Amino acid sequence: MNNNELWQSVLAQMQLCISKANFATWFQNTDIIGKDQGKITISVPNAFSKEWLSNKYNKLILKTIRETDLNIRELDFIINPRSAKNLVVKNELEEEKIQAEQLKFEEFKVNKETNLNPRYTFENFVVGSFNELAHAASLAVSDNPGSAYNPLFIYGGVGLGKTHLIQAVGNKIADTFKKKKVKYIPSEKFVSGIVSAINSKSMEALKASFAPIDVLIVDDVQFFAGKIKSQEEFFNIFNSLYEKNKQIILSSDRPPNAIPELEERLRSRFSGGMTVDVDLPDYETRLAILKTKIEEKNFNLGDNILEYIASNVKKNVRELEGALNSLAIYCKTNTNMPDIEMVKKLLKGFVFSPFNVANHKKIIETVAKFYNLEEKNLFDQTRRKEIVRPRQVAMFLLRKELKYSFPAIARKFGNKDHTTVIYAYKKILQESEENNKLTEELNLIRQRVYSG
Ligand code: ADP
Ligand code: MG
């Protein structure tokens, strides 16, 4: 077996083990370029592939190679930017095919039956440590709907791939289990359905429409907060499906225990299966996502530009896509590719700078919103528990994030005495060290303050 054949067999193996998106990102333009005394040298196109392959895939690659050649004991990765030979071939040969695929991509329409958008798949979902668990749980549910984890509850900030992931589960189940009836519904739509069913006295018909569903996917359930009638109806629908071992998949911007004004029985149903979070992607994953997306969108940008975007657009995946879209529009209207200075100009609005966004107003606003209060409630002179706790959290964050002095915080809250603020600060600090729920709440609030 020559080097080329050996590497082709490794690639074939790797393709079976990892998703298409990851495969394309990390293995494109790689090759074996040397074999010497038990050591194989692999050329990779850039430093990121090198780091990723040597850290994450070294073992797997070595194992595969050793299946054909036991003498090999070591791998060496070297960067060879001109190893882009595959790319050139691909550009020439596959251009037409890519164009055809692109057309197909644009034709993606929401399926009327399931409400799912076929563009959300596992194949184009990039996995990194920040969403590994959510991805694994979603795959498990796709393989064993109704019996792996029920319900599956995925939570995390805006634009981090929740909708993509839960729809990917739906698409995969609809594809593999043709007889199963899958239904995707955003919570807002569910709530408005309930409201109009009440008005037109057609609640029974609405409820009956859920009976034949095998997989029910409800997006953004934090929207149920405070909607009592919808919660009640949803509780009933949930139970009747759950009792029949039907799969339920939910997403939310926060964990069940942090959704305000949610009936206890629903909260306990929501957290009765598997609860997993998606976090912010790290640099490598941002880069991987960008590479997947430009391939999907069928346009090209230099590595330095992609690296610039990955280093600077950090808010979430949706923003990464937004940044790419702006550049795509530029490329369409200008014949030349933007240079890095142009890119910086074009992406000004996307560049993440925590120093611009964490301020007093932002903290108050975010805390109030998080606890479903109005901002002015936080300043009410009251000892009501639902107000006191959020107020203490706001005081704590003003101190912790902005380093405000205790007297300054006291003045903001109209207190003459700053010992109340010290008490609040110490209490939240101590409790957050002992109590995971509070720590999680603080993290979610911080995430929003910094990404707003
Ligand atoms: P959320 O529902 O959490 O607000 P979405 O699922 O709508 O976020 O994701 C926003 C955009 O980012 C979508 O276009 C989605 O395809 C894309 N996206 C998010 N996470 C990933 C990922 N891990 N890999 C590829 N694309 C992603
Ligand atoms: Mg969403």
Side-chain angles (χ1 to χ4, degrees), residues 18-26 52 56 105-106 108-110 115-139 142 152-172 184-191 217-225 249-255 258-259 275-298 306 309-310 313-328 350 352 443-444 447-448 451-452:
I18 62 181
S19 80
K20 204 170 134 200
N22 280 334
F23 179 80
T25 309
W26 305 115
W52 195 262
K56 279 249 171 184
F105 188 74
E106 281 167 2
F108 279 167
K109 290 232 168 67
V110 171
N115 255 338
L116 291 166
N117 186 331
R119 116 175 163 80
Y120 295 121
T121 65
F122 281 108
E123 279 68 38
N124 61 9
F125 188 79
V126 179
V127 186
S129 53
F130 71 108
N131 63 8
E132 220 161 21
L133 205 57
H135 174 257
S138 301
L139 269 183
S142 319
L152 172 63
F153 191 103
I154 296 181
Y155 72 90
V158 173
L160 296 182
K162 302 183 297 294
T163 298
H164 189 136
L165 202 48
I166 60 179
Q167 291 221 18
V169 178
N171 279 320
K172 184 152 185 226
Y184 167 86
I185 178 162
S187 296
E188 277 170 280
K189 222 166 169 186
F190 182 85
V191 170
I217 306 172
V218 186
D219 209 349
D220 289 318
V221 297
Q222 77 276 2
F223 195 73
F224 286 152
I249 303 164
L250 308 165
S251 89
S252 162
D253 69 349
R254 58 189 84 187
I259 302 176
T275 304
V276 281
D277 72 325
V278 287
D279 209 338
L280 291 166
D282 51 24
Y283 173 80
E284 282 78 11
T285 324
R286 291 201 293 277
L287 195 61
I289 291 172
L290 288 171
K291 292 189 172 175
T292 314
K293 300 283 172 192
I294 58 169
E295 217 168 276
E296 260 176 22
K297 293 182 201 304
N298 189 26
L306 293 182
I309 305 175
V313 180
K314 302 178 182 174
K315 189 167 151 186
N316 59 39
V317 183
R318 191 170 293 155
E319 293 275 297
L320 278 179
E321 280 206 302
L324 273 187
N325 287 338
S326 317
L327 297 184
F350 291 98
F352 176 85
N443 284 339
L444 285 163
Q447 210 182 70
R448 281 171 204 202
S451 65

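Everything numeric in this text was worked out from a predicted model, so none of it was measured. Whatever order the structure lists them in is the order used to number ligands and atoms, beginning at 1. For the single chain, residues carry numbers from 1 onward in sequence order.
Formation of a donor-acceptor pair under 3.5 Å by the Ser187 side chain with backbone atoms of Asp220 is found in this model. Looking at Asn131, its side chain never comes within 3.5 Å of a backbone N or O of Ala134 through a donor-acceptor pair. A distance-only check finds no donor-acceptor pair linking the side chain of Lys162 to the backbone of Val278 [under 3.5 Å]. Looking only at distances, a side-chain donor or acceptor of Thr121 sits under 3.5 Å from a matching main-chain atom of Asn124. Gln222 contributes no side-chain N or O that, together with a main-chain N or O of Ile259, makes up a donor-acceptor pair within less than 3.5 Å. Side-chain atoms of Gln167 come within 3.5 Å of backbone N or O of Asn117 as a donor-acceptor pair.
Nearest protein heavy-atom neighbour of atom 14 (O) of ligand 1: Glu321 OE1, 2.4 Å. Nearest non-hydrogen protein atom to atom 7 (O) of ligand 1 is Arg318 NH2, 2.9 Å. For atom 15 (C) of ligand 1, the nearest protein heavy atom (residue, atom name, distance) is His164 ND1, 3.4 Å. Summary of contacts: the protein heavy atom closest to atom 18 (N) of ligand 1 is Val317 CG1, 3.1 Å. Taking atom 23 (N) of ligand 1 as the reference point, the nearest protein heavy-atom neighbour is Val126 O, 2.8 Å. With respect to atom 25 (C) of ligand 1, the closest heavy atom belonging to the protein is Asn124 O, 3.3 Å.
The two residues Gly170 and Leu116 have their closest heavy-atom pair at C-CD1, 3.5 Å. Across Thr285 and Pro281, no two heavy atoms sit closer than the pair CB-CB, 4.1 Å.
Close approach to Tyr120 involves these atoms of ligand 1, each under 4.0 Å from a residue heavy atom: 16 (O). Short contacts between ligand 1 and Thr163, defined as distances under 4.0 Å to a heavy atom of the residue, involve ligand atoms 1 (P), 2 (O), 6 (O), 7 (O). Set against the non-hydrogen atoms of Asn131, the atoms of ligand 1 under 4.0 Å away are 23 (N).
Considering backbone and side-chain atoms together, Gly161 places an N or O closer than 3.5 Å to an N or O of ligand 1. Residue-to-ligand polar distances keep Phe125 apart from ligand 1: every N/O pair is separated by 3.5 Å or more. The N/O atoms of Leu160, backbone and side chain alike, include one that comes under 3.5 Å of an N/O atom in ligand 1.
Of the options Gly157, Ala134, Gly156, Gly159, the smallest heavy-atom separation from atom 4 (O) of ligand 1 is shown by Gly159.
Residue contact check for ligand 1: Val158 places a non-hydrogen atom closer than 4.0 Å to it. Proximity of Lys293 to ligand 1 is established by a heavy-atom distance of less than 4.0 Å. Residue-ligand proximity: Arg119 is placed with a non-hydrogen atom under 4.0 Å from ligand 1.
Residue Thr163 counts as close to the Mg ion (ligand 2), with an N, O or S atom under 2.8 Å.
If you take CZ on Phe224 and CG on Leu250, they are separated by 8.0 Å, rounding to the nearest 0.5 Å.
Using bins of under 30°, 30° to 60° and over 60° for the plane-to-plane angle, the ring pair His135/Phe125 lands in the parallel bin.
A side-chain N or O of Asp219 and one of Ser251 form a donor-acceptor pair less than 3.5 Å apart.
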